[in-house]
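What you are looking at is a predicted structure, and each value in this text was computed from that prediction instead of being measured.
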Amino acid sequence: MKRLIILSLLFISCQETSNDIVVDPAVEDMYLRYNKAWSDGDFETITNEIYSIPFSLYLQDSTVILSSSEDIKSFLVMTFNELESNNYGYSIRNSWESYKIDDNLVIVEQNFTRFLKDSSIMGPKERTASYILRRSDGNFKISGMVPHTTIAE
């Protein structure tokens, strides 16, 4: 019986350890800057430092390719204007849902919550989005995104 308990505890602790997601510090840093820039509506930082060119947006019914800085900036300005009209305040990352790195490519999904200006939750409490990152000149940038909920609501 004692062996069974020990084996059960070992099995449970191994499961918990295997579910922990360790993210490359460069990816973590990029997401900290991205989440701050998104919360601040800082489309310049996102355009110049976070999104790569081209940037692909995979929607449920279409794929949008933003092939220039101007395209990315226009998309972000439109998105932030809509968020502002919906009383958006800020976002926080809750957790990493998945993370896979392959040399200079990363596929990551983050779980996050959006808040209104009065700090109440905007829409679903937990949202997710999947991202494709590419390392270029030592830095990761987001080259593609799959939003699993509407971006500006």
Side-chain angles (χ1 to χ4, degrees), residues 14-153:
C14 286
Q15 279 187 320
E16 291 174 355
T17 303
S18 67
N19 289 335
D20 291 339
I21 297 174
V22 178
V23 176
D24 183 302
V27 171
E28 181 73 41
D29 178 63
M30 192 272 310
Y31 270 96
L32 289 172
R33 291 183 296 113
Y34 179 48
N35 288 335
K36 180 177 181 349
W38 190 271
S39 291
D40 294 343
D42 183 356
F43 56 83
E44 293 290 343
T45 295
I46 297 170
T47 299
N48 298 322
E49 299 175 23
I50 306 296
Y51 287 175
S52 69
I53 300 169
F55 176 80
S56 302
L57 182 60
Y58 299 95
L59 304 172
Q60 293 300 318
D61 59 351
S62 63
T63 301
V64 178
I65 306 294
L66 304 172
S67 55
S68 69
S69 295
E70 293 77 25
D71 290 345
I72 293 171
K73 190 173 181 178
S74 294
F75 161 74
L76 290 170
V77 167
M78 181 183 68
T79 300
F80 289 128
N81 284 341
E82 190 174 344
L83 283 166
E84 178 67 27
S85 72
N86 290 331
N87 205 27
Y88 171 75
Y90 61 97
S91 298
I92 62 166
R93 183 182 67 231
N94 301 319
S95 64
W96 299 111
E97 296 287 318
S98 63
Y99 177 81
K100 174 88 171 144
I101 188 165
D102 182 15
D103 293 327
N104 293 319
L105 290 174
V106 172
I107 299 172
V108 65
E109 184 173 82
Q110 77 167 327
N111 178 303
F112 60 98
T113 301
R114 288 203 176 131
F115 294 88
L116 298 170
K117 291 181 181 177
D118 67 1
S119 295
S120 62
I121 294 174
M122 178 182 187
K125 181 178 180 184
E126 293 191 2
R127 301 169 181 248
T128 58
S130 299
Y131 302 87
I132 301 167
L133 285 64
R134 183 180 301 276
R135 186 186 342 237
S136 177
D137 298 325
N139 298 314
F140 283 104
K141 287 191 170 189
I142 300 172
S143 64
M145 178 174 60
V146 180
H148 302 292
T149 57
T150 305
I151 294 176
E153 291 180 2

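Relative orientation of the Phe55 and Tyr51 rings is parallel, given thresholds of 30° and 60° on the angle between their planes.
Atoms OH and CD1, on Tyr131 and Ile142 in that order, are 6.0 Å from each other to the nearest 0.5 Å. Summarising the geometry, atom CG belonging to Asn87 is positioned 5.5 Å from atom CG belonging to Leu116; distances are rounded to the nearest 0.5 Å. The OG1 atom of Thr128 sits 9.5 Å away from atom CD of Gln110, with the distance rounded to the nearest 0.5 Å.
Partners of Phe115 according to the ring-ring contact (aromatic ring centres under 6.0 Å, His included) rule, which considers only residues two or more places apart in sequence or in another chain, are Tyr90. In this view, Glu84 and Lys117 satisfy the side chain to side chain donor-acceptor pair (under 3.5 Å) rule, not counting sequence neighbours. With sequence neighbours excluded, no residue satisfies salt bridge (charged side-chain N to carboxylate O under 4.0 Å, His left out) with Asp24. Legend: residues meeting side-chain contact (heavy atoms from CB on, under 4.5 Å) with Ser136, ordered by chain and number and at least two apart, are absent. Here Ser98 pairs with nothing under the side chain to side chain donor-acceptor pair (under 3.5 Å) rule; sequence neighbours left out. Take Ser130 and apply the side chain to side chain donor-acceptor pair (under 3.5 Å) test, not counting sequence neighbours, and it matches Glu109, His148. Remark: Phe140 engages no residue in a ring-ring contact (aromatic ring centres under 6.0 Å, His included) (not counting sequence neighbours). Partners of Ser74 according to the side-chain contact (heavy atoms from CB on, under 4.5 Å) rule, which considers only residues two or more places apart in sequence or in another chain, do not exist here. Taking the ring-ring contact (aromatic ring centres under 6.0 Å, His included) definition, one finds that Phe75 meets it with nothing, sequence neighbours left out. Asp118 meets the side chain to side chain donor-acceptor pair (under 3.5 Å) test with Ser120; sequence neighbours excluded. Among residues two or more places apart in sequence or in another chain, the salt bridge (charged side-chain N to carboxylate O under 4.0 Å, His left out) test is passed with Lys73 by Glu44.
The shortest heavy-atom contact between Val27 and Tyr99 is CG2-OH, 4.0 Å. The minimum heavy-atom distance between Ser91 and Trp38, with the atom names listed, is OG-CD1, 3.9 Å. Shortest non-hydrogen contact noted between Arg135 and Asp103 is NH2-O, 3.3 Å. Across all non-hydrogen atoms, the minimal contact from Ile53 to Ile72 is CG1-CD1, 3.9 Å. In terms of heavy-atom proximity, Met122 sits nearest to Arg127 at O-NH2, 3.0 Å. Between Leu57 and Met145, the closest heavy-atom pair is CD1-CE, 3.4 Å.
Checked by atom type and distance alone, the side chain of Ser143 pairs as donor or acceptor with a backbone atom of Ile132 at under 3.5 Å. A distance-only check finds a donor-acceptor pair linking the side chain of Asn81 to the backbone of Val77 [under 3.5 Å].
Heavy-atom contacts from other residues, nucleotides or ligands closer than 6.0 Å to CZ of Arg93 number more than 12.
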Item to complete: Go through the steps to decide whether Lys36 and Thr45 satisfy the test side chain to side chain contact (heavy atoms under 4.5 Å, CB included), and finish with yes or no.
Response: CA-CA 10 Å; Lys36 180 177 181 349; Thr45 295; over 6 Å; no
Fill in: Working for side chain to side chain contact (heavy atoms under 4.5 Å, CB included), residues Asn139 and Met30
CA-CA 8 Å; Asn139 298 314; Met30 192 272 310; over 6 Å; no
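Screening Val22, Val23, Asn111, Asp20 against Trp96 for a side-chain contact (heavy atoms from CB on, under 4.5 Å) leaves a single residue, Val23.
Sorted by first and then second residue, the pairs that involve residues 56-67 and meet side chain to side chain donor-acceptor pair (under 3.5 Å), not counting sequence neighbours, are Ser67-Asp71.
In this structure, the side chains of Tyr31 and Leu133 come closer than 4.5 Å at one or more pairs of heavy atoms.
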